[in-house]
Novice: 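Before I ask anything, let me first share the structure, which is written out below as structure tokens.
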Amino acid sequence: MTLSFKERIPISEALRKAEGDRVLIAGWVHTVRVVGGVSFVVIRDRSGMVQCVAKKNVNPEAFNIVKELGSEDVVAVKGSLISSKASLGGKEIVIDEIYVISRAAKPVPIDPDDWEKTSLATRLDWRFLDLRSPRNRVIFEVTDVAINAMRDFYRSNGFIEIFTPKIVAEATEGGAEVFPVIYFDRNAFLAQSPQLYKQMMVISGFERVFEVGPVYRAEKHHTNRHLTEYESVDIEMGFIDDHEDVMRMVERAVQHTIETVSSKYGKIVEEYFKIKLDTPKYVPRITFREAHKLLESNGFKQPDPNDIDSEGEKALGEIIEREYGTQLFYVTEYPWVKRPFYTMKKDNDPNYTKSFDLIYRGMEIVSGSQREHRAEVLESQIKEKGLSVESFNFFIRVFRYGAPPHGGSGLGLERLVAQMLGIKNIREARLLPRDPERLTP
RNA sequence: GCCGCGGUAGUAUAGCCUGGCCUAGUAUGCGGGCCUGUCGAGCCCGUGACCCGGGUUCAAAUCCCGGCCGCGGCGCCA
């Protein structure tokens, strides 16, 4: 007897069929239970799970096959749908024929059924098994919905998607936090940001560009919110009045994204992550200096006037939530000393910048600013930051042939998804994370 | 890079402080058995582990040193 998957239907579809309908389903063995002369197997595919049953005195062949099944074997079942009071969901499949397609070695090194039982490190070592867990796959289905929502949003607002080099000749921001790579007989680096390229493309005449791509940071962070490789959603837009124009665009993109995820996955997110996804309607702005005052007045001493420590940042989130009733807000006008050389300073207040961070549920998910587009000012800011003008000449010359006022931002995709789902460790929100220690799988 | 805590069967943990009573406990998985409606199945039997290297000691899972790895914090940042 030959088996063709062409007739195979997803389990969720099979469960919608009428009683008595014959179906072919296939998937992984979730659990097996043998109770005397009845054997049960719960089969899982990407769409859901269903219990299949074989009785010894009705179908002894199937009964015996089911009895010998192990976790994560791949099987196909032909059978008919019946309603069953005893079965969860009210329906199950009576097995006519069952095929073992692939056996799983025993014991399975992690328990896909109960992801909480295994430490994240071990789960990541066995990520392909970890992702058998529906709950864990939801993270990446949500990521997919989120990134498509972002793309749709930016496209419909006149942005075009661009692809810029990830192998670069210079450290873009002059810092040391780049990975060197050997490029034939020269040294090169992995891009830590598409920053300079996207500005270049605005000035080229695209006016509005965005890019979704990996960025690399050679920082030995050991935290629950840093990766050495992450997916950045970068935008850059020309002909703006100030950073507020960028902020309005970004907040709408984020709202649209949360909205889309909520409408497509809200129920599932609530089921698996016990978190309610509602779209923040109003995104308050608070300047860096106001934030400082707010923290001081709430009893959080901030020793560095140019900085907010992470304890302060967390507290700020709580204060904002209490006072404005939102988990999404901007901190704006960061001190010049804290921002990169290409950031535009405030016109009449050069110690502060036309910059912003977007904080969602207590974590920075976006950073952006208006950029300095005047070549001579840019050059002096490069000097001011102690960088070498020669090594940035390739960049400065871009601004000498007609550069409109522009600005943009970068959003950490894994951070956004982690915060939407209430995930504590960002590694969980990346399919195959890279951190200072982990380079495999 | 620095700091803190940690590394015990496939997985998750107890034991470590106060070295010997550890033949290393428990749960789950895995193997076997019983059970004709289980669904966190149940019951019985079995299997399986002290991260690596060095040191202290009559004796090390336990104390000390180094390494590697894990989790988190700092700096920094998406």
Side-chain angles (χ1 to χ4, degrees), chain A residues 30-42 49-58 60 63 66 68 70-72 82 84-90 92 94 104-126 129-130 173 175-177 192-195 213-234 250 304 307-311 313 334 338-340 357-360 363-368 409-419 424-427 429-430 435-440:
Chain A
H30 193 66
T31 54
V32 180
R33 276 182 292 272
V34 182
V35 184
V38 190
S39 55
F40 301 94
V41 54
V42 175
M49 296 196 228
V50 66
Q51 175 168 280
C52 305
V53 60
K55 291 189 182 181
K56 196 177 190 171
N57 61 3
V58 177
F63 172 85
V66 171
E68 299 304 318
S71 288
E72 303 307 315
I82 60 158
S84 156
K85 287 190 292 284
S87 183
L88 213 75
E92 63 183 10
V94 176
K106 290 174 186 175
V108 176
I110 63 168
D111 188 350
D113 183 34
D114 215 343
W115 63 277
E116 278 178 302
K117 280 192 176 157
T118 307
S119 67
L120 182 57
T122 306
R123 288 172 48 204
L124 292 175
D125 287 340
W126 293 95
L129 291 175
D130 182 50
E173 303 187 10
E177 69 277 13
Q192 51 159 206
S193 154
Q195 185 59 35
V215 297
Y216 300 89
R217 303 279 163 98
E219 299 273 357
K220 290 203 168 185
H221 306 290
H222 293 93
T223 75
N224 61 358
R225 61 187 185 282
H226 288 93
L227 296 166
T228 52
E229 178 181 53
Y230 70 89
E231 219 59 28
S232 180
V233 182
D234 270 273
V250 169
D304 184 351
D307 202 9
I308 293 174
D309 58 34
S310 51
E311 196 188 340
E313 200 166 83
Y334 280 84
K338 286 282 157 188
R339 287 281 160 161
D357 279 3
L358 183 64
I359 319 285
Y360 180 39
M363 191 185 291
E364 290 176 39
I365 59 162
V366 179
S367 189
S409 67
L411 173 147
L413 183 61
E414 294 85 354
R415 283 194 178 182
L416 172 64
V417 171
Q419 292 311 93
K424 298 284 189 297
N425 190 323
I426 195 157
R427 283 164 253 233
R430 176 109 188 149
D435 66 31
E437 264 63 51
R438 180 176 293 275
L439 199 50
T440 57

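Within every chain, numbering begins at 1; the chains are lettered A, B, ... in the order of the sequence lines, protein sequences first and strands thereafter. Model, not experiment: these values are computed from the prediction.
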Novice: When you check the phosphate oxygens OP1 and OP2 of B:rC71, does a side-chain N or O of A:R438 lie under 4.0 Å from one of them?
Specialist: no
Novice: Should the side chain of A:E219 and the base of B:rG1 be counted as holding a donor-acceptor pair, with the cut-off at 3.5 Å?
Specialist: no
Novice: Between A:Y230 and A:R217, do the side chains contain a donor N or O and an acceptor N or O under 3.5 Å apart?
Specialist: yes
Novice: Please pick, from B:rG73, B:rU36, B:rC77, the nucleotide with the shortest atom-to-atom distance to any side-chain atom of A:R217.
Specialist: B:rC77
Novice: Quick one: is A:K338 getting a side-chain N or O under 4.0 Å of the B:rC76 phosphate, OP1 or OP2?
Specialist: yes
Novice: Can you tell me the distance, in whole Å, between the CG atom of A:N224 and the P atom of B:rG70?
Specialist: 15 Å
Novice: Below 3.5 Å, does any donor atom in the side chain of A:D111 face an acceptor in the base of B:rU28, or the other way round?
Specialist: no
Novice: At under 4.0 Å, does any side-chain N or O of A:S119 touch on OP1 or OP2 of B:rA12?
Specialist: yes
Novice: Is a donor-acceptor contact shorter than 3.5 angstrom present between the side chain of A:R427 and the base of B:rC71?
Specialist: no
Novice: Does B:rA41 have its OP1 or OP2 closer than 4.0 Å to a side-chain nitrogen or oxygen of A:R33?
Specialist: yes
Novice: Between the base of B:rG75 and the side chain of A:H221, is there any donor-acceptor pair under 3.5 Å?
Specialist: yes
Novice: Work out how far the C1' atom of B:rC22 is from that of B:rU38, and round it to whole angstrom.
Specialist: 39 Å
Novice: Using heavy-atom distances to pick each residue's nearest nucleotide on RNA chain B, tell me which of A:E414 and A:D435 is more 5'.
Specialist: A:D435
Novice: A:I426 and A:H226: which non-hydrogen atoms are nearest, and at how many Å?
Specialist: CG2-N, 3.7 Å
Novice: Is any side-chain nitrogen or oxygen of A:R225 closer than 4.0 Å to OP1 or OP2 of B:rC74?
Specialist: yes
Novice: Using a distance-only criterion (donor-acceptor N/O pair, under 3.5 Å, no hydrogens), is the base of B:rG29 paired with the side chain of A:K106?
Specialist: no
Novice: Considering Watson-Crick and G-U wobble pairs with both distances under 3.5 Å, what does B:rC43 pair with?
Specialist: B:rG33
